[in-house]
Amino acid sequence: MTDLSTNIGRLRLDNPVLTASGTFGYAEEFADFYDLNRLGGVVTKTVTLEPRPGNKPPRICETPAGMINSIGLPNAGVEQFIAQKWPFLQQLKTAVIVNVAGKTPDDFVRAVEKLEVLQGIAAYELNYSCPNVKEGGLSFSSNARIAEQVTALVRAVTQRPLITKLTPNVTSISEIGRACEGAGADAVSAINTLVGMAIDIHTRKPRIASITGGLSGPAIRPVALAKVYELVKALTIPVIGIGGIMTAEDALEFILAGAAAVQIGTANFMNPVAALQVVEGLQRHCEEENILRLMELRGAVQVG
Amino acid sequence: MTDLSTNIGRLRLDNPVLTASGTFGYAEEFADFYDLNRLGGVVTKTVTLEPRPGNKPPRICETPAGMINSIGLPNAGVEQFIAQKWPFLQQLKTAVIVNVAGKTPDDFVRAVEKLEVLQGIAAYELNYSCPNVKEGGLSFSSNARIAEQVTALVRAVTQRPLITKLTPNVTSISEIGRACEGAGADAVSAINTLVGMAIDIHTRKPRIASITGGLSGPAIRPVALAKVYELVKALTIPVIGIGGIMTAEDALEFILAGAAAVQIGTANFMNPVAALQVVEGLQRHCEEENILRLMELRGAVQVG
Amino acid sequence: MSKSVIQVPVVEIREVAEGIFRLTISAPEWSRTARAGQFVNIQIPQRNDLLWRRPFSVHSVDPVRGTLDILFAVAGRGSAALSEHKAGDSLNVLGLLGNCFTWTADLQEIIIAAGGLGIAPFILLLQQLENWPGKKTLFLGFRSSRQACCMQQLGALGAEMVLTTEDGSLGHRGLITTPLDDYLASLDKNGKRMLFLCGPTPMMRAVRELTQKYDIPAQVTVENRMACGFGACVGCPVELAQPREDGQTYMLACKDGPVFPLQEIVFND
Amino acid sequence: MSKSVIQVPVVEIREVAEGIFRLTISAPEWSRTARAGQFVNIQIPQRNDLLWRRPFSVHSVDPVRGTLDILFAVAGRGSAALSEHKAGDSLNVLGLLGNCFTWTADLQEIIIAAGGLGIAPFILLLQQLENWPGKKTLFLGFRSSRQACCMQQLGALGAEMVLTTEDGSLGHRGLITTPLDDYLASLDKNGKRMLFLCGPTPMMRAVRELTQKYDIPAQVTVENRMACGFGACVGCPVELAQPREDGQTYMLACKDGPVFPLQEIVFND
Ligand SMILES: Cc1cc2nc3c(=O)[nH]c(=O)nc-3n(C[C@H](O)[C@H](O)[C@H](O)COP(=O)(O)OP(=O)(O)OC[C@H]3O[C@@H](n4cnc5c(N)ncnc54)[C@H](O)[C@@H]3O)c2cc1C
Ligand SMILES: Cc1cc2nc3c(=O)[nH]c(=O)nc-3n(C[C@H](O)[C@H](O)[C@H](O)COP(=O)(O)OP(=O)(O)OC[C@H]3O[C@@H](n4cnc5c(N)ncnc54)[C@H](O)[C@@H]3O)c2cc1C
Ligand SMILES: Cc1cc2nc3c(=O)[nH]c(=O)nc-3n(C[C@H](O)[C@H](O)[C@H](O)COP(=O)(O)O)c2cc1C
Ligand SMILES: Cc1cc2nc3c(=O)[nH]c(=O)nc-3n(C[C@H](O)[C@H](O)[C@H](O)COP(=O)(O)O)c2cc1C
Ligand code: FES
Ligand code: FES
């Protein structure tokens, strides 16, 4: 039997396949389709301190081999998360990673403090892509100094593994990654969506009410892979690869580039069993190629 | 008859459809397929001061709704350009824009100085994406200060319209755009390719010899449109939209977002008559919608 | 009912009116359990550039043959590719999704208002209502006779029918809202009735006004853009006219709907 | 010859060996002008996610019917989709592209070495050579008889043929290079000969060694990845063993090739 396990810092996963935040609900939505415990883990939809209604429709549109979304992180707030969503998540035997966002550094800290009482959270993933009103609309993730600050503040209130999720919309993702590493992050995950836009030429309106949104799906996979490869070279902590992964073959590209795990996002919409099929495909690939430990392939890309 | 004309600063074009540098050779390659004078203009492959051999193969690979290239700006140098390529280009009645790159600011200046002797160059497009060895591999285009400096130096040696071509691989493209505007650029064009990567999981080698390359094609269109929209809001000089434009409908998205012209890139490979079909499609659209001047649509996107 | 993804053969496909197709798939379980208003989400295999599945209402079922029909118009790239399928081709279908039209036992009459393809879910509804004792009245409008469909099926399903076409080529000339207005005006105020609605947005707006004017409770099915169809992407919000008690201002078309009380929602486009 | 894009019907498509198809298109002009080594670049309409056209050598022509054939293996997504075409389907084809095999009037013999699908361009070559007075010798290797094709066509084209399969299921057992080595060794040193080669990279390497050993001039056709096929993307470089006089180190497979002097180029993969 092939060993698919991997480690994200102190966190051991049975296999490297996670689901990406915001594309897997709070896992319950997928329970009809397969046994969720076959995943390496699930990452929840973003939880914020206060409830958020989400953005005006239309929130989504289809683009070539991709989609744009501007959902606006709707959620009932961390207290309702604990009351309504945690009971289901708690039953899972697979790793449950809670994704947290906030408008201010303090929002992050207070949300995590509330989550600390829950038994069984495997790790936190900090989503820095929420626009920060104070800093003039710049997202936390595009400024190394702020990313560092938030990471350090959250680090101070929890012992649990901390993953910081990075945006690709920056000149140097590794600069931000290094800042997070320096501030005590156990891993980084990348990438969040690329800023994108589409216009309906007939109505002359943007296809997304918020004008621009986040581009995801296979279209962005090459960008994601380049960013992951850059981060792997620049950091010593593990990198979790995200972006347009539809199949086990796609996941293998990220592992070969050095990712310790991957997240499946947009693929879950098209194919609700996509993440499970990636697990199965990785298993099959290892068997066919006589690979005993999948993680032997980590970083095995042959350059030069 | 609909008026498709547009102005890029002092440069008047019969229609807003240009071809993107590096995807249309020196125009001669397309002469078999249609009358090149039906285009708004052509942008040449990048010309550099000294000859360049180009990168090792493989230089290209296909990705979902896109492709990665790392051609390496092979060209015979500005003197051979003048001797071998200019005679054909000079005959064209459409605008000929010469795309120039260099490793140092001085390279740009000296290449442009040599081109100044030619009669009939409609404009220069400065390609800042060539890696700058001196500045530690950073491309000119990701640093506002250097972009400003190069633009100002070239501005000092020519009266001709100057277009600076911007990379999307930065935190703030409008910051770079503003620097170029401040230094005397007549227009900006955006976007150049996104940094991308792909790995062949069977050979475990990067699909491109230079490991990463530039992602282009429909996959990047939403990113390009968002960047163009950002630039249009931030600048007063015209913006030329580039990125994944395959059809007249795609071109209209950029014009609605505020682009004064567009460039057709990757589409030329799939469909050698793509650029002509965009011209024809824009014409048809105007006739169907009773639009007398296409540029009435410029920036007509309805937001809010 | 648990949701699932099935790979099923196309049993039959027919162009039943201009640009309108009825596609029959084999789906024994769903043919017994589907409720009017529910939908399926179909992968378009020919179009690998189309990321999303395409949602279609369950149109009718045949539990004996174990088949399920959808009725669809060629509206764009995905539906065009779907229309080129042949019997025997295999389709990847996600279902059954969404909620359904509901009614209480004490109703006297169900009034259906359907515009064009809006008829799609109501054949199944009338199948479900076959032995229902109350009155069933169907107001059905098409642009012209060329788009008219389902006439034969409707004949057998025992609803009183008022038919209009915009060009007068079939039934009354004009919009469905005119005879509907007259009909609602003619009803006694005390009867218990429910109106079910499906059609283009301008029609939904107009019928909403009528139901307000005559104070008739109504349910409508919406057709938002959907990336997933089962609540995972949160991309298909329907705005509530009044925030709920818990403060929520949006519901999800795919999960909380696609059927909503007509008065409770806002049409955004 | 000017290049053009044509929209043409598929006249015929046949699986001529395991996973190998011959596809005939209507192309009257090209059927008269195509030269062996040239290729066409075909859009794959079913696969909108595939950006690039797919290049295939001209396999044979029928100037009387006005048709042109390609011979192709199902190697991946595009060729798989192409193989599902039926007679009457329409294809968008870009051609004629590339250079061709060339020879001088004073040759005594043309030796052809083809591995597997490498036979594709040589049927047209033998058609061109039909009335050529010199000797034509064909060395043809397949993995096994299941992949063997073109036997019938070859029979009529008047070349002496040496056939090998790796498993011995047809012709001699082993690689084509063994009988080729023997044959080249047996030739007198003074005759004017030319070798034309097409096949997988290991075979091209091995044959290059033989042509060096026996000092026989040779031309080879290469199959680089191509985004455009006509010199626009500069994505298909072939490395030169020696830089040219003007300093150039690369040629373009699609424009300067796909046929190159075997000794002058480097195989990169
Ligand atoms: C719950 C539900 C049930 C539906 N039932 C039916 C049905 O029974 N019969 C039927 O013919 N259609 C039905 N539709 C609409 C159908 O899903 C769309 O017509 C179809 O997805 C269009 O896909 P396309 O690829 O052909 O068009 P595209 O090429 O994607 O788009 C063509 C045009 O249609 C618009 N469009 C695309 N998708 C949708 C959508 N989901 N809703 C509204 N507009 C859209 C686009 O913005 C564009 O303007 C239903 C939709 C939903 C959400
Ligand atoms: C000038 C020229 C002439 C050719 N003539 C023939 C011919 O007569 N018959 C024939 O069967 N094939 C021929 N080929 C090869 C043919 O073009 C490829 O097999 C085809 O493009 C593969 O497309 P696909 O979508 O099926 O495979 P993909 O799914 O794109 O790829 C499958 C595998 O093939 C590799 N590949 C893809 N494209 C090429 C390419 N252009 N060259 C080499 N490897 C590639 C990929 O890297 C991958 O490993 C020719 C190629 C060239 C450049
Ligand atoms: C509809 C949608 C909603 C998303 N919501 C969130 C979110 O709430 N929090 C977050 O960190 N990322 C969110 N993302 C980003 C994804 O987690 C992921 O980083 C991105 O989509 C790239 O991966 P993919 O191409 O596999 O989808 C969302 C993405 C999509 C498409
Ligand atoms: C094969 C290839 C070569 C290119 N070469 C150049 C170049 O020499 N100079 C340049 O400024 N841009 C070059 N580009 C970038 C294009 O001009 C264009 O900015 C980019 O491809 C985005 O447009 P598209 O998606 O329409 O191709 C090249 C792009 C491709 C695909
Ligand atoms: S379509 Fe995804 S939540 Fe409704
Ligand atoms: S394939 Fe584009 S230059 Fe050869």
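Throughout, protein chains are lettered first and strands after them, A, B, ... in sequence-line order, and every chain is numbered starting at 1. No hydrogens, no waters, no symmetry mates; every other heavy atom, side chains included, goes into these values.
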(message) Below 4.5 Å, heavy-atom pairs only: which of B/Ile220, B/Asp250, B/Leu225 has the largest tally toward chain A?
(response) B/Leu225

(request) Using modelled atom types only, decide if a donor and an acceptor are shared between the side chain of B/Tyr128 and the backbone of B/Ala101 within a distance under 3.5 Å. (result) no

(message) If I compare all heavy atoms of B/Ala267 with all of B/Ile264, which pair ends up nearest, and what's the gap?
(response) CB-CG2, 3.7 Å

(message) If we define contacts as heavy-atom pairs under 4.5 Å, which of B/Asp200, B/Ile211, B/Ile255, B/Thr203 has the most with chain A?
(response) B/Ile211

(request) Please answer whether the main-chain N or O of B/Ala261 pairs with a side-chain N or O of B/Thr6 as donor and acceptor at a distance below 3.5 Å. (result) no

(request) Identify which part of A/Ile201 has an atom lying under 4.5 Å from any heavy atom of chain B, answering side chain, backbone, both or neither. (result) both

(request) Could you have a look at A/Ala209, A/Pro222, A/Ala226 and say which one has the most heavy-atom pairs with chain B under 4.5 angstrom? (result) A/Pro222

(request) Output yes when a side-chain donor or acceptor of B/Thr171 lies under 3.5 Å from a complementary backbone atom of A/Thr171, and no otherwise. (result) yes

(request) Give, as side chain, backbone, both or neither, the part of A/Leu297 having an atom under 4.5 angstrom from any heavy atom of chain B. (result) side chain

(request) Pick one of side chain, backbone, both or neither for A/Ala257, based on which atoms fall under 4.5 Å of a heavy atom in chain B. (result) both

(request) Look at the side chain of A/Arg59 and the backbone N and O of A/Asn55, then say whether any donor-acceptor pair between them is shorter than 3.5 Å. (result) yes

(message) So which residue, A/Thr63, A/Ile68, A/Asn169, A/Thr212, ends up with the most heavy-atom pairs under 4.5 Å with chain B?
(response) A/Asn169

(message) Can you tell me which portion of A/Glu230 sits under 4.5 Å from chain B's heavy atoms? Options are side chain, backbone, both or neither.
(response) neither

(request) Against chain B, label A/Leu252 side chain, backbone, both or neither, depending on which of its atoms sit under 4.5 Å from a heavy atom there. (result) both

(message) Heavy-atom pairs under 4.5 Å with chain B: which of A/Arg204, A/Arg221, A/His202 has the most?
(response) A/Arg204

(request) Give a yes or no answer on whether the side chain of B/Asn268 reaches the backbone of B/Gly265 with a donor-acceptor pair at less than 3.5 Å. (result) yes

(message) Using only atom types and a distance under 3.5 Å, with no angle test, would you say the side chain of B/Glu253 pairs donor to acceptor with the backbone of A/Ile199?
(response) yes

